[in-house]
Each structure stands twice: as C-alpha cells, then as structure tokens.
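Here's the structure we're looking at; comments come further down.
Quick caveat: nothing in here was measured; it's all calculated off a predicted structure. Sequence lines set the chain letters: A, B, ... in the order given, protein chains first and strands last, and positions in each chain run from 1.
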Number of protein chains: 4
Amino acid sequence: MRNERKNGVRQAIVDTASRLFYKQGYVNTGINQIIAESGVVKSTLYTAFRTKEDILMEYLVQSGAATDAALKLAAEKGKDDKGKVLAVFDYLIDLVQEKEFYGCNFLNLISEIPTDAERVIKQIQKQKNGVRKLFASLLEPMGKEELADEIYILFEGALIANKVHNKVWPVDAAKKIAAKLIS
Amino acid sequence: MRNERKNGVRQAIVDTASRLFYKQGYVNTGINQIIAESGVVKSTLYTAFRTKEDILMEYLVQSGAATDAALKLAAEKGKDDKGKVLAVFDYLIDLVQEKEFYGCNFLNLISEIPTDAERVIKQIQKQKNGVRKLFASLLEPMGKEELADEIYILFEGALIANKVHNKVWPVDAAKKIAAKLIS
Amino acid sequence: MRNERKNGVRQAIVDTASRLFYKQGYVNTGINQIIAESGVVKSTLYTAFRTKEDILMEYLVQSGAATDAALKLAAEKGKDDKGKVLAVFDYLIDLVQEKEFYGCNFLNLISEIPTDAERVIKQIQKQKNGVRKLFASLLEPMGKEELADEIYILFEGALIANKVHNKVWPVDAAKKIAAKLIS
Amino acid sequence: MRNERKNGVRQAIVDTASRLFYKQGYVNTGINQIIAESGVVKSTLYTAFRTKEDILMEYLVQSGAATDAALKLAAEKGKDDKGKVLAVFDYLIDLVQEKEFYGCNFLNLISEIPTDAERVIKQIQKQKNGVRKLFASLLEPMGKEELADEIYILFEGALIANKVHNKVWPVDAAKKIAAKLIS
DNA sequence: CATGAATGAGACTTCATTCAT
DNA sequence: GATGAATGAAGTCTCATTCAT
C-alpha cells in the first residue's frame, strides 16, 4: 500500500517529466513545470528524487526499455533475415510521421546536458549500444555481423537528419542504403 | 582597421559566445558568462545585440560560413571524383579527434533551442542544405547526383554517433559505406 | 496566531509594497525596493506572489476594504440624512490634511498602470462603484437617490484637485456644492 | 536654416514623446521608444534636451497652450453668459468620446511623476490655475465669480471620473451640477 | 515521512545618460 | 555640433534545492 502510493508519486513525476523533457528538452523544462503538471508538491518531489538529474535518469531508463522493446518488435515483423533489418527502418518511417514525434529521446539529450553529467552520457551510450547489438543479432544469421555498426550509423543518420529537416526522406534514404549494404 | 575597432565589441561578444555555446550549449550559457569572459559590460552587449538569440544567429552564420569553407577545402584535396567525396569524411576523421571538438555546432543546437525559435531552425536547415548541395556537386561529375542525400545521411550519422560515443569508429564506418555507395 | 506566522511573509510584502506604491507610485516602485524594505528575499517574494501586478491587486483589495470601512464609518457620524452625506466630505477634509496623505490610492493608479492591466482597472472601477453605491444608500432616505452620481463626481473632483494643488480648498468647495445640491 | 533643422529635431522629439507620454504614460515611455519612433538618434536627442524630464516640460507647455486655446474657443460658442460656462462641459462631452482620448494630460501625470519633480507639479498647477481663471472670467459677467472654483471642481471631477469608468455620464453629471449652480 | 515556506544565485532585458570622436 | 558606442544601475522573474515543522 505504502509502496504503491510512493511509487505512484514517483511514476507520476516520471510520466510528466518524460513528456516535458521529450517535448521541450531537459534544460528548458523546469522543476516548477513538472510539479505544476504532475500535481505533486515540490517537497514531495524532492523526497522521491534527490535531483532533477535523477528524474532524467529514470526517464532514460524507462523510455530506453520501451524503445528497446519497440525496436525488437519492429524487427520481428520482417519476413526474412534481410527483411528484419529493413523492418526497423520501416518502423522509423512510421514513427517519424507520428504527431507527437520530436526526434530520438536520446539524441535530443546528448547535446543539451551539462558537461559534467557523465552518468547521463553513459546511460545514453548504453542505450545506443543496445541498438548496435540488436543490429548485430539481426545480421548474424546472414553472416554479416560486421555490418552492424554501419547499419547503426544509418539509423542515427536517419533520426538526426529527420530532426533537422522535419521530413521523411532521410529515413527513406537510410533504408535505401541499408538495403544496398545487405543485399 | 576602422572596422576592427568599430565591430570590436560585436565580434568579441560573438567570439566568446561562440566558444561557450559550442562547448556548453546555448541554454547552458548565460549572458552573464558571456559578458564576464568577453569583458563587455551587459548594457553594451545589449546595444550590440537585441537578444541572446540574436547572438546565436550571428554565431550560426559565422560558424556556418567557416564550416562551408572547410568542407569545400577538404573536398578539393581528393584526387579524383570519388576521392573528393571521401576526402570530406577524411576531414571529419581528423576533425573529431581534435582536442576542442564537441560535435557538430548545428546538430548540437537542434534539440536544445526553444520550440518557438523558428529562425534558428531555418538557419540550421539552410546550413545543412548547403552540405547536401556540396555532396550533389561532388557527385555530379560521376553522374551519381542522386546519391547526394544518402551520402549526406552518412555525414550526419557519423557526426551524431561520434558525439554519442565519443569515438572515431562511426566516422570510419560512414566513410566505408560511402566508399561502397560510389564505388 | 498560526495565520499570522503563515501569512507573515505575504503580509509583510503587501504592507511594504502598499506604503511604497502609495507614496511613490506603482511604476516608480521596484521589486528590489520592496524586498529591501520588507526584508523578504526576492525568491520568497515570488513564491508568495506570481507577479508584481499580483501584489498590486492585493494592495487594491486590502486598501479598498479599509477605504470602504472608513467612508461608511465617516458617514455614520452625520447627525441626519443630509449630515451623513456631508460627513463624508468632512472626513475628506481631515484626511487630506494628514501628514502621509498623497491622494486617493485608486485615482493615483489609474493613469500609471500599463495599458493592458485590465484587471487593475476593473478593481478600481469596482472600488469606485462602491462609493457611488454608498452615496446612493445615503441619499435614498431623503428620496434623492438620483443625486448619487453627482455627489460622487464632487467626491472625485475634490480628491483629484487636492492632489493637483495640494490644498484643502477643493474639498471645501466640493462640500459646499454638495450642501447646495441636497439642501 | 540651421535653426529650422534644430527646431525640427526638437519638435519631432516633442511630437513623438507627446503622443507616447499621453497614451502610455511618462514612466511607461522609454527614451528608446521615443528615438525609435521619432527617428532621432539618441545622442542628438540629448543635445536637444538635457533630460527626459525636459522633454516632459516641453510637452506640458505645448499641450497646455493647446488646451487653453481649445477651452477658450469652446467657451466662446456659448450663446449667453451661462451658456459659455456650460459650453465648456459640452466640449468635454465631445472630447471624451474621441477615439484617441485617454484622459486629461495633466491629471494623468500628477500621480506618476517622481516625487521630486517639483517643476512638473508647478507647471501642472499653473495649467490648472489657468482653467480656474477661465471659469472666473466666464462667471464674472454674471457676478458669480465666487463660483469659479466650484465649477472647476466639477471640471476635474468629470475628467477623472471619466478616466476611471471610461463612460460619458460623469461629464453629463458634472454639466448638470454646473447648470444648477449658475441657474 | 510529507510538506509549506523559504532561499541564494542567476536568468534575460531595459533604464536614462555620457563619452570620445 | 552631431553621433555611434558605451555604461552602471536597475528592471522583473525563475532556477534547482533545502529547511523547519
């Protein structure tokens, strides 16, 4: 019971913060906005999380897990080995056209966090290494494991170029390259 | 001479701001730090620039021109048509290993600027479209102009993945892909 | 007791601000002066009030209530119906001769507030409508309710002319007219 | 020639400042806005006027003269002695309904000027004494000179109550009282 | 343990004025 | 004498965090 309440507060904070961090950015989102929109009192927030950065970490972990799952699921939709890799890009094509898509959570953060926030960088790297591993695992059956990082570069390039231009073509282009690489 | 004196303050502000914006990010750099490190008093800064965002715009324009020139110069070092394209990636390989390299100016900004800063986004898009055009012009002699955006995705992927992992391999991987594409 | 402690800061701010707003004007009084003279630090002030205008509103409400009470009390000192109306002007005659009298709170504000401060204007109108109603209620027993607004004009004329000339005669003149009107 | 240019600048400043002081108030109007809207360079403004308050003084003198003339002219439209007095109120009735009417220039200033601006207060008093004298001169032929200040109170009451409520009725009420007083 | 109140530091911007040419 | 550049002081408001109950 107690724990449920406690976790309820924690999760309410994370949910609100996640939405705001993602939409507005971490630095542009203030604690005051988080408490205003989550309905949690400020001092309660600070008993649930020691610092704003702690909330960020929780956001990274949770959205990281969701992202992992989504990518894995997307890959599984591919009909054959090659198709599984390309299915990830198909997923991106849909994703970037969603109404509330504002780019990749993790890439969005990488430039905006304070220089000394090492654990945040570490977490983002960990997340992205998961993607690299995913591609490696998808390429392995084809015996093309060594292409993993190249496909990964396409993945990142698609996402960041989409963020810059706010168009779908970067993802299309990335998919096209991927298809050539693993043909 | 005259101009140096006349624009001394303006340029001193831009120089300092550029360094700080690049190293720490735009939001993490306050006007107070800019005046402290440039030696310009606050009110003088605000006669030179109407807002902090105006300083950012000048930074974008100036560093954009420098970047354009550097990329063009880098490309010219390539021995043949294909070599010119790859020379851009060679340039990146050197660049990302420089001591004071903190990623691409423009990509660094794209996620941290306030949602309503449309002119900033426009300027970044303009800058990046310049890169796309550069690749198009390099590919044209080979009759492979249609690969321009694909190469561009590699360019961005290399930069952002380097930012994330702080390693050279993403640029190497991007170059490798580029080589395959235009082989 | 509790309440005193609880609202101590809020009221300290309002008290100091009221004094300064009244003596120097709203625009001529800065937040910095309010915090300096109230002993409340800036951030605390801004947890108690969202904006400077919010402090102004509280000042209007509080001084408005006090003014209402004072006028009602003054009127009650009149011996008969006619006397009650004139007693209000007698009150003004005393008031304007007080050492710390700087004119009518509300009239002082009406010209200096920013053009977009609609709620401030509304509050002042509400306050002044209270005075009109007071005169109406005092005149009703005499069956001269229709004179309320005329008496009110005298009230305002007395106050503003006193402010301009810093002399008592405007109030005397207004009282004299009032006497004629209701004779 | 020189003088014309010099006076041209002076007058351009006064014209712009007058408009802004009247519409927004003195404190709410900054030097920067004056130079922006008058097209006069800041340093030139400060050779034409030593301080912002000097501009205000010139504004008071010029608009004061215009007001004097307008009131005199209005009075002359009255058909008989009594009519001349009431004609002043008829003028006000029209005036307050004009699109760009924001209250009486002089009353608007009286509460907003810094406490130490004695010469400004003096000038406003002088202006208002002119109105009192006008009423005295209009009442003299009727042998009712002693009513001058009472009529004057009505004049001020009408103006300030109109400013507060933004309605015509205060002027109507004032006129009605005036009619009774001099009947 | 939950919380209302408080905080020091700093955010960006504008003020009226003066100085050096 | 006109002016572009510079200025110190002050403007309102927000930051992430902590303390006393």
*Under 3.5 Å on both distances, the Watson-Crick or G-U partner of E:dA6*: F:dT17
*So which nucleotide from F:dA6, E:dA9, E:dG4 ends up closest to the side chain of C:S43?*
E:dA9
*In terms of side-chain heavy atoms, does A:T29 have a donor or acceptor partner in A:Q24 at a distance below 3.5 Å?*
yes
*Send over the distance from D:L45 CG to E:dC15 P, rounded to a whole Å.*
14 Å
*asked:* Can you tell me which nucleotide in E:dG8, F:dT17, E:dT13 comes closest to the side chain of A:K52?
replied: F:dT17
*What does A:I31 touch in the nucleic acid at a heavy-atom separation under 4.0 angstrom: a base, only the sugar-phosphate, or nothing?*
base
*Taking the nucleotide of DNA chain F with the closest heavy atom to each, which residue, A:N32 or B:K42, is nearer the 5' end?*
B:K42
*Measure from the side-chain heavy atoms of A:Y46 and tell me the nearest of F:dG8, F:dT17, F:dA6.*
F:dT17
*Rounded to the Å, how far apart are D:I13 CD1 and F:dT3 P?*
11 Å
*Between atom CD1 in D:I35 and atom P in E:dC15, what is the gap in whole Å?*
10 Å
*Round to the nearest Å and state the distance from D:Q24 atom CD to E:dC15 atom P.*
11 Å
*Roughly, in whole Å, what's the span from CZ in D:F49 to P in E:dT18?*
16 Å
*Whether over 12 other heavy atoms sit under 6.0 Å from D:N166 CG*: no
*Protein-nucleotide distance (D:I34, atom CD1; E:dT14, atom C1'), rounded to Å*: 14 Å
*Using whole Å, report how far CG of D:N28 lies from C1' of F:dG11.*
13 Å
*Does a salt bridge link C:E100 with C:R19, judged by any charged N lying under 4.0 Å from a carboxylate O?*
no
*How long is the span from the CZ atom in A:R119 to the CD atom in A:Q123, to the nearest 0.5 Å?*
10.0 Å
*Identify the residue among D:N105, D:L109, D:I55 that makes a side-chain contact (heavy atoms from CB on, under 4.5 Å) with D:F21.*
D:I55
*Map A:V41 and B:G30 onto DNA chain E by nearest heavy atom, then report which one ends up closer to the 5' terminus.*
A:V41
*Nearest nucleotide by nearest heavy atom, which residue falls closer to the 5' end of DNA chain E, B:T29 or C:T47?*
C:T47
*To the nearest Å, give me how far apart CZ (D:R10) and C1' (F:dG1) are.*
16 Å
